[in-house]
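Below: one structure, written as structure tokens.
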Amino acid sequence: MELLQISPLLTFPNLSLSKQSLVSPIRQVGFYSSRRGWCQKGSLRLVRVATGDSEIGSSGSQDGSSAVEEERVEKKEEEEEVENRGLLLGTERDGSGSIIGFHLISQIGGLEATRSREVVAPDRVEEIRDIEEETVETRVTHNIVFVTAEAAPYSKTGGLGDVCGSLPIALAARGHRVMVVCPRYIHGTAQDKKYSAATDVERRIKIFCFGGVQEVSFFHEYREGVDWVFVDHPSYHRPGNPYGDIHGAFGDNQFRFTLLCHAACEAPLVLPLGGFTYGEKCLFLVNDWHASLVPVLLAAKYRPYGVYKDARSILAIHNLAHQGVEPAVSYQNLGLPPQWYGALEWIFPTWARTHALDTGEAVNVLKGAIVTADRIMTVSQGYSWEITTAEGGYGLHELLTSRKSVLNGITNGIDVTEWDPSVDKHIPSHYSVEDLSGKLQCKIALQKELGLPIRPDCPMIGFIGRLDYQKGIDIIRSAIPDLMEDDVQFVMLGSGDPQYEDWMRAAESTYKDKFRGWVGFNVPISHMITAGCDILLMPSRFEPCGLNQLYAMRYGTIPVVHGTGGLRDTVDNFNPYAQGGTGEGTGWTFSPLTKESMLATLRVAIATYRKHKKSWEGLMRRGMERDCTWENAAVQYEQIFEWAFIDPPYVS
Ligand SMILES: Nc1ncnc2c1ncn2[C@@H]1O[C@H](COP(=O)(O)OP(=O)(O)O[C@H]2O[C@H](CO)[C@@H](O)[C@H](O)[C@H]2O)[C@@H](O)[C@H]1O
């Protein structure tokens, strides 16, 4: 038998109740404090208590007071409590007062809940009760829907795949319900096995776009607390990678990612994952231009019909250089109402037009998300500022500046289980900050693998990444003849622009004993290079966050990076005189981005490696001890989520 009671949260110290016997709150009432956000004013809680044969009657509270009790808490007290929870502590503001970053105190770790704490939940509240210790903690959890073109290990061409393969797991571990929606790429290779655990959900939906009806289906795998949802359509089944093949980018990418966005909007409504749909009150986290149609669809296709009124969307920019720009005429293919054209409208400046009759009219999908998403974020604080400047904004800086009050940067974490030199299955010898000896074995093994002379003392420099203008390959190319005059070894792993691939092959035959260029995408080799090299070079022109320098530091490999975006945020310049001569810093940053300044900095690093072994070891250790876990980043993401639900939808 069970009884209903409406009361503040109660603890029953003398009863051994299971957590399941305490039902979560049914209704809560909140008020909005412009200074602090949502606070609880009073709460009506419906708590069902059933203890087998025993019952707690309507006077079941500890002191035997009335079963119906409405708790009224003074606004002042509530604000103090919010402050105590540290939710908004440590905001970092720019000159104009806009919040550009923050330093959080974890709600969970920092809480010493000695009485029931109540937070108005945008969608649901998870209670963690510890009956024995008579403590109750509550925290807000959300239904989060990641939309992305790639998610490791299923699909990965770069850092986007890494982030969307790890962050969802970290958020799920913190109690959120998390779904990742991405295409089910079938390339006809052994890689396709990665989808073997995903089963057909048997839900087909029809999408009206590109002048016809497309049917897509969904595959699903529940792994590490996350619902991995793969949108299936014949256009995702072809050789190559998610975006192109040996002939270049696919010509129908706009079509393929339009399908993804429409399907992702339907997924929370139609997929009964684990028996229940995610429902309308969810938070879409849309990544880069491929997913950028989602906030526009919410505003233009769903909200006018009363759907997704309470949903929110956050645009995560991993790389502003790619915006999904296509001819204006393609707008009619996107499945959007004609009156929403302005959201995507994009006019190229005169200098960027191709001929005299070119009017410069285009559609820009990323711009669509910038003007419709509830919040915008990037993957480092430095980059969140850079994209508001003419130099880093790729034509969108004014729009982004206009949304500065909802623009934040959170530095990416890394998957510390995949990237752990003490257990890494891809490297021949393991090591850790306690015992670094295995690193030298990794270097020797790498030299062997690459057919380079085996010389443990020779400084070995590595580069891993897409062969792309962003990564500053042209700077490396121009510096190699000078660098090769020094007694060093250099190894590059990458694929992309064919002119750089050809140059790498040519450089290998010119500098037989010193240079190796591995053309291709090879994860095990990337781990071997990260472990085996002494220095990792990243002369990126811009770098929203950068993951390789984070992996390098964790592997005791010293990053030498251009001081830009996330590289500047994450690599601390070496200062041998700090800390009473013990030194501080984890690598070197150089600026400006020129061959000369890169070479000068590399030479300082090489000299330190050769002549100051103790300093070098200090650099290695400090890098290896950095906290770069996703848990850290996930706590900061939660703050952004909270802010997203404070405001009404940006476009309602
Ligand atoms: N040939 C190859 N073989 C094997 N592995 C390879 C490889 N080439 C690259 N990789 C791997 O791909 C990832 C690249 O990540 P990055 O963050 O450095 O760059 P990317 O520009 O793709 O990501 C964008 O998104 C990420 C995520 O937000 C931002 O960090 C970044 O600044 C932004 O440009 C790393 O895991 C790297 O090891």
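Counting convention: from 1, in listed order, for ligands and their atoms alike. Predicted model only: the values in this text are computed from it and were never measured.
Under a 4.0 Å N-O distance rule, the pair Asp474/Arg477 does not qualify as a salt bridge.
Counting only heavy atoms of the protein, atom 37 (C) of ligand 1 lies nearest to Asn548 OD1, 3.2 Å. Scanning the protein for heavy atoms near atom 21 (O) of ligand 1, the closest one is Arg466 NH2, 2.4 Å. The nearest heavy-atom contact from the protein to atom 3 (N) of ligand 1 is Asn522 N, 3.0 Å. Looking only at protein heavy atoms, the nearest one to atom 6 (C) of ligand 1 is Phe521 CE1, 3.3 Å. Shortest contact from atom 9 (C) of ligand 1 to any protein heavy atom: Gly465 CA, 3.7 Å. Shortest contact from atom 12 (O) of ligand 1 to any protein heavy atom: Gly158 CA, 3.4 Å. Protein heavy atom nearest atom 34 (O) of ligand 1, with residue, atom name and distance: Gln470 NE2, 3.0 Å.
Without hydrogens or angle criteria, Lys514 side chain to Met484 main chain gives a donor-acceptor distance under 3.5 Å.
For atom 1 (N) of ligand 1, the candidate residues are Gly565, Ser495, Gly520, Pro524; the nearest heavy-atom contact is made by Gly520. When the options Ile525, Thr564, Asn412 are ranked by their closest heavy atom to atom 27 (C) of ligand 1, first place goes to Asn412. Here the shortest heavy-atom distance to atom 14 (C) of ligand 1, taken over Gly165, Ala152, Gly159, Ser540, belongs to Gly159. Comparing Asp162, Leu547, Leu160 by heavy-atom distance to atom 36 (O) of ligand 1, the nearest is Asp162. By heavy-atom distance, the residue among Met538, Lys471, His318 lying nearest atom 19 (O) of ligand 1 is Lys471.
Figure legend: Arg238 and Phe250 shown as a cation-pi pair, the cationic atom lying under 6.0 angstrom from the six-membered ring centre and within 45 degrees of its axis. Cation-pi geometry between Arg403 and Tyr650 is met: the NZ or CZ atom falls under 6.0 Å from the ring centre, inside 45° of the normal.
Considering both main-chain and side-chain atoms, Trp419 never comes within under 3.5 Å of ligand 1 through any nitrogen or oxygen pair. Here's the thing with Ile464: none of its N/O atoms is less than 3.5 angstrom from an N/O atom of ligand 1.
Glu501 and Ser495 share no side-chain donor-acceptor pair at under 3.5 Å. Side-chain contact check for Asp424 and Tyr555: at least one donor-acceptor pair (N or O, by modelled atom type) lies under 3.5 Å. Checked by atom type, the side-chain pair His176/Glu638 shows a donor-acceptor distance below 3.5 Å. Side chain to side chain, Glu543 and Gln470 meet the donor-acceptor criterion of an N or O pair below 3.5 Å. Defined by atom type and a distance below 3.5 Å, a donor-acceptor pair is present between the side-chain atoms of Lys439 and Thr557. Side chains of Tyr185 and Glu150: a donor-acceptor N/O pair is absent below 3.5 angstrom, by distance only.
Close approach to Pro544 involves these atoms of ligand 1, each under 4.0 Å from a residue heavy atom: 32 (O), 33 (C), 34 (O). Each of the atoms 28 (O) of ligand 1 lies under 4.0 Å from some heavy atom of Val379. Listed by atom number, the atoms of ligand 1 under 4.0 Å from Val163 heavy atoms are 27 (C), 28 (O). The Gly494 neighbourhood of ligand 1 comprises atoms 1 (N), with distances under 4.0 Å to a heavy atom of that residue. Close approach to Glu543 involves these atoms of ligand 1, each under 4.0 Å from a residue heavy atom: 31 (C), 32 (O), 33 (C), 34 (O).
The stretch residues 406-421 participates, sequence neighbours left out, in these salt bridge (Lys or Arg N to Asp or Glu O under 4.0 Å) pairs: Asp420-Arg554. Note on residues 557-573: pairs passing salt bridge (Lys or Arg N to Asp or Glu O under 4.0 Å), not counting sequence neighbours, are Glu386-Arg568.
Under a 4.0 angstrom heavy-atom cut-off, Gly546 registers as being in contact with ligand 1. The shell of residues lying under 4.0 angstrom from ligand 1, judged by heavy atoms, includes Lys156. Distances from ligand 1 to the non-hydrogen atoms of Tyr551 include at least one value under 4.0 Å.
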Are Val180 and Asp227 close enough, and set up right, to give a side chain to side chain contact (heavy atoms under 4.5 Å, CB included), and what steps lead you there?
-> CA-CA 6 Å; Val180 178; Asp227 290 304; over 6 Å; no
